[in-house]
Amino acid sequence: MGERLVRPVRRDLVRSTRRQPWASPEAGPAPAAEAGFRRLARLRRAPALHPHGLTCSATLDVVDGDEPWGVPWLDTPGRYAATARLSRAAGLPRRLPDGLGLAVRVDQADGADRVLDLLLTSCGRSRVTRHVPLPRTDVLGGPYSSLLPYRIGDTRGVLAAFPRRSRRAPVYGDPARLGEALAAEPLVLDLCAETSRHSWRPFGVLTVRAPLPLGQDESPGFDVYAHSLPGLAPVRALAGIRRAAYRGSRAGRR
């Protein structure tokens, strides 16, 4: 038998394989999310999600509870100036169901220089669907939730807002119809936190008032990770991806 020939391994192919994107330690869902949201925001010239909305003045009243929360801000009843933005996630025509967004910024929530941001999305009422975005047309047609849990003192659960019914219902989520509804009366929502028994416990009342002079594609730049409070903050699940998405959306609008 003849001598067996063994072909040498081409080192240039080995080196090029090691440099592939999927092998890079920097590759992953967070950079992909940042790049995707940056491109989408640049195309829309608006936030990547919830591109068009109505930004309004608001007040948030922290109400007295039956027992302490273990969170200084929640355990101190008071009234706070706030800003609220109502929006549609995909920007679909108003008569089509869309994910409805409620973003809230509370001024001086924990001192003169501390603000609190809340980002809530239309959802269902059950223990499962409170974690799932639920498209709808009516701003007052159901609850909104943080979808992902918050750390609330020594426990954890989602935050939610339950609209109070209005004689003007239904109220479509497009800025023009929202402006008409707010010209007649404020929108009022009861704010609640999920307890360890998965029931709802109220902690505040949000009153959304007159629209502010901001364009429909403008947003104050809400960020629940940068603007949280001691004892009241989102859990770390998906935090890296969500932070990257926020960065990408802000960068794409510049």
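Quick note: numbers below take in every heavy atom, side chains included, and nothing from hydrogens, waters or symmetry partners. One-based numbering along the sequence shown.
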Exceeds 12 heavy-atom contacts within 6.0 angstrom, atom CZ of Arg165: yes

Test item: Leu187 and Leu178 side chains (from C-beta on) under 4.5 Å apart, heavy atoms: yes

Distance in Å, Leu118 CG paired with Phe222 CZ, rounded so as to fall on 0.5 Å steps: 9.5 Å

Within 45° cone of Tyr144 ring axis and under 6.0 Å: Arg136 NZ or CZ: yes

Short side-chain to backbone donor-acceptor contact, Arg105 and Gly221, under 3.5 Å: yes

Cation-pi, Trp200 ring and Arg125 (6.0 angstrom, 45 degrees): no

From CA spacing to verdict: salt bridge (Lys or Arg N to Asp or Glu O under 4.0 Å), Asp138, Arg177: CA-CA 10 Å; Asp138 184 4; Arg177 290 300 182 92; over 6 Å; no

Donor-acceptor contact below 3.5 Å, side chain Thr76 vs main chain Pro72: yes

Ser146 side chain to Leu159 backbone, donor-acceptor under 3.5 Å: yes

Main-chain N/O of Asp190 paired to Arg164 side chain as donor or acceptor, under 3.5 Å: no

N/O donor-acceptor pair under 3.5 Å between Asp61 side chain and Val63 backbone: no

Interatomic spacing from CG in Leu120 to CG in Leu100 - rounded to 0.5 Å: 12.0 Å

Thr121 side chain vs Pro133 backbone, donor-acceptor pair below 3.5 Å: no

For Pro230 against Val71, the heavy-atom pair lying closest together: O-CG1, 3.6 Å

Leu116 vs Leu60, side-chain contact (heavy atoms from CB on, under 4.5 Å): CA-CA, chis, key distance, verdict: CA-CA 11 Å; Leu116 171 67; Leu60 192 153; over 6 Å; no

Trp73 side-chain N/O to Ala109 backbone N/O, donor-acceptor pair under 3.5 Å: yes

Backbone N/O of Gly70 and side chain of Asp75: donor-acceptor pair under 3.5 Å: yes

Exam field: side chain Ser122 to backbone Leu134, donor-acceptor pair closer than 3.5 Å: yes

